[in-house]
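This one's a predicted model, so the numbers in the text were calculated from it and none came from an experiment. Both ligands and their constituent atoms are indexed starting at 1 by order of listing.
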Amino acid sequence: MNISALQKERANYQPKLPKSLKGAVKLVEGDKTESVADPKEIEKLFPNTYGMPLITFEQGDNGAQSAPVNVGVILSGGQAPGGHNVISGIFDGIKKIHSESKLYGFLGGPGGLVDHKYMELTAEIIDEYRNTGGFDIIGSGRTKLEEEAQFDKGLEIANDLNLNALVIIGGDDSNTNACVLAEYYAQKNTGVQVIGCPKTIDGDLKNEMIETSFGFDTATKVYSELIGNIQRDANSAKKYWHFIKLMGRSASHIGLECSLKTQPNITLISEEVAAKQQTLSEIVEYMAGAVSQRADNGENFGVALIPEGLIEFIPEMKILIAELNDLLAEGTESEKEFKMLRKSHRLEWVASHLTEDSAKVFKSLPSGIATQLTLDRDPHGNVQVSLIETEKLLGEMVKEKLGQLKKEGKFSGKFSTQYHFFGYEGRCAAPSNFDADYCYSLGYTASVLIAEGKTGYMASVRNLTAPAEEWVAGGVPVTMMMNMEKRHGHMKPVIQKALVELEGAPYKYFVSKRGEWALGTHYIYPGPIQYFGPTEVCDQPTETLKLEKA
Ligand code: FBP
């Protein structure tokens, strides 16, 4: 295989481990745990895995000789930098337990377990992927492991391969399903343990015990590099407003982190929009206000960050999307009628079938966006919110607003836009030192939890703003993170998704600064991720973590 000079050099990087994992490990059990909410319901659903204690690892005196362990690993959902290091951490961990331990990778995500598609991950294969980005070692997928028939198929292959455990590397939903699987295997006395690992660039799988999900650090560093470069271009040419949409699903953690790193003129936070019940026109007014005030200072340029999920948090858009989902639901009479119409008549027809308020909002949208709302639909017929070009929607609406202000003599500047969407370019970047170390430590932690016979736990590595040596490794019962939520009309036990907290330090700091950043030009240019060099350049955790832990 041809590899880049950087990849060659990175292959030699030895990820740092907390000192408790470097030699013999002693397991310390803490207090019994309770779920974050709805304890009675969760306990009833998870009789075998509820209430287990928190686990912390400490340096032990001597390593007891153990038998080989066989482990299957699954990558679930969207890519996140560092997944390969979780796998190499598991590999090194189980080999340390016993040189005859084996690691199998299920191919293409959870579907690989159900369809019995797997490969053995040998030392040679693992070495090729150490410290690289991507999930290509075994591939990932979005099949949901939810049904008993799938669990039973999984058990067949686990028995064939003589697996002691499965490690599921995924986000909140995948780890919820990992916990359901752990409970099912425990109930049936199968002897197959299930351990989860917290992955997602979105940063929305975190809580008291999981300080951050892996991949968030690298992805936000990549986006911040690009935002910084654009800011410098904007400040050089002084003629464009750049509207940048950032990936991250519902939560605005990515936007907030990038904002803290680069100090752009405008950053929208979906959670704030929802809390204040801001309407689309209020958001547009706020943005147009910033553009116009900068223009008064002769600065007809700027940068605005827009979170991917924004549109779902704007109250009237949420209602409109729900109405469109009903109106155009797959197989309904109304959908058939819609499909029969000439394209030029469709928007008018849709507007006439909405409630008065939603029709008004629908008609106020630029026609390109209105069309996207009616055409881009997922296999269930729902609007694909992540495909909606919110950055263009806002850019066009701000332009219209500024046009009005101009007529009223309230705006005399210029407004030209450039649009960007940053998402995929950050998901498979070579992991930062932080993610390389964190992921390797998570994988290694998972192997120790397995050796200790644990199931229904998520690997946890904490104290992440300290040097890696001082990180605290252990395990958190997944049931501890659960509550009951309505999903597809039914109450289900799920891991609580972490949105941006409006009482949290990162958001509060941003609010204290955003006025200054909007009017002045206080850009920060973070530059590319550095893998070699001084620790203050190469080993920094996210601003979010630093503020949360301050
Ligand atoms: P996960 O929650 O699976 O980690 O997804 C991360 C993510 O990158 C989101 O930010 C984004 O909305 C989504 O995946 C895009 O999904 P796809 O890769 O299927 O286009």
Side-chain angles (χ1 to χ4, degrees), residues 74-84 86 108-112 133-136 138-146 168-178 196-207 210 212-224 226 244-258 268-271 305-313 321 372 376-380 382-391 420-429 431 435 438-439 442 458 481 487 494-500 542 544:
I74 298 171
L75 290 163
S76 181
Q79 285 69 252
H84 290 161
V86 179
F135 279 5
D136 43 324
I138 49 175
S140 185
R142 291 200 184 275
T143 303
K144 289 190 188 305
L145 286 182
E146 283 178 322
I168 300 185
I169 302 172
D172 52 341
D173 283 345
S174 306
N175 274 285
T176 293
N177 294 341
C197 267
K199 169 236 74 167
T200 179
I201 61 159
D202 300 350
D204 57 5
L205 172 47
K206 65 172 176 179
N207 48 52
I210 303 292
T212 187
S213 55
F214 79 76
F216 178 68
D217 182 80
T218 309
T220 51
K221 280 179 173 149
V222 172
Y223 304 143
S224 299
L226 300 175
I244 304 172
K245 184 171 81 166
L246 291 167
M247 218 179 218
R249 253 185 237 286
S250 310
S252 304
H253 297 293
I254 290 185
L256 180 55
E257 171 65 20
C258 292
L268 300 178
I269 303 291
S270 305
E271 292 82 346
L305 303 186
I306 298 147
E308 173 177 71
L310 178 76
I311 204 149
E312 281 177 289
F313 285 77
I321 290 169
Q372 249 176 21
D376 289 333
R377 321 190 69 78
D378 71 11
H380 309 286
N382 293 330
V383 171
Q384 281 191 278
V385 181
S386 66
L387 296 185
I388 297 169
E389 293 171 309
T390 329
E391 67 285 19
H420 315 264
F421 169 46
F422 297 154
Y424 299 98
E425 41 281 82
R427 294 203 314 188
C428 283
D435 268 329
Y438 181 44
C439 290
L442 282 172
M458 192 184 288
M481 306 170 201
R487 295 277 168 98
V494 292
I495 295 177
Q496 233 176 22
K497 205 184 256 307
L499 298 179
V500 168
T542 58
T544 305

### Query
Considering Glu308, Gln79, Arg427, Met247, which one's heavy-atom position lies nearest to atom 18 (O) of ligand 1?
Arg427

### ligand 1 to Gly78 polar contact by distance, N or O atoms, under 3.5 Å
yes

#### Entry: Residue and atom name of the nearest protein heavy atom (relative to atom 19 (O) of ligand 1), distance in Å to one decimal
Arg142 NE, 3.2 Å

### Query
Is there a side-chain contact between Met247 and Ile201 (heavy atoms, below 4.5 Å)?
yes

### Task
Give a yes-or-no answer on whether the side chains of Ser252 and Ser270 include a donor-acceptor pair shorter than 3.5 Å.
yes

### From CA spacing to verdict: side chain to side chain contact (heavy atoms under 4.5 Å, CB included), Gln372, Leu387
CA-CA 8 Å; Gln372 249 176 21; Leu387 296 185; over 6 Å; no

### Query
Is there a heavy atom in Gly77 that sits closer than 4.0 Å to ligand 1?
yes

### Message
Check whether Phe421 forms a cation-pi arrangement with Lys245 (NZ or CZ under 6.0 Å from the six-membered ring centre, at most 45° off the ring normal).
### Response
yes

### Query
Which atoms of ligand 1 have any heavy atom of Thr200 under 4.0 Å away?
1 (P), 2 (O), 4 (O)

### Message
Does Leu246 form a side chain to side chain contact (heavy atoms under 4.5 Å, CB included) with Ile306? I'd like the steps, not just the answer.
### Response
CA-CA 6 Å; Leu246 291 167; Ile306 298 147; over 6 Å; no

### Summary
the protein heavy atom lying closest to atom 10 (O) of ligand 1 turns out to be Asp202 OD1, 2.6 Å

### Query
In this structure, which one of Ile74, Leu442, Leu75 forms a side chain to side chain contact (heavy atoms under 4.5 Å, CB included) with Ile169?
Leu75

### Query
Taking the non-hydrogen atoms of Gly248, is any one of them nearer than 4.0 angstrom to ligand 1?
yes

### Query
Of the protein's non-hydrogen atoms, which lies at the shortest distance from atom 5 (O) of ligand 1, and what is that distance?
Arg249 NH2, 3.2 Å

### Query
Any idea which atoms of ligand 1 are less than 4.0 Å away from a heavy-atom of Ile201?
8 (O)

### Task
Ignoring hydrogens and angles, tell me if any N or O in the side chain of Asp435 forms a donor-acceptor pair with the backbone of Thr218 under 3.5 Å.
yes

### Message
Please list, in number order, the atoms of ligand 1 under 4.0 Å from a heavy atom of Tyr424.
### Response
15 (C), 17 (P), 18 (O), 20 (O)

### Message
I need the atoms of ligand 1 closer than 4.0 Å to a non-hydrogen atom of Lys199, numbered in the order shown.
### Response
1 (P), 3 (O), 4 (O)

### Query
Near Lys144 NZ, under 6.0 Å, is it more than 12 heavy atoms from other residues, nucleotides or ligands?
no

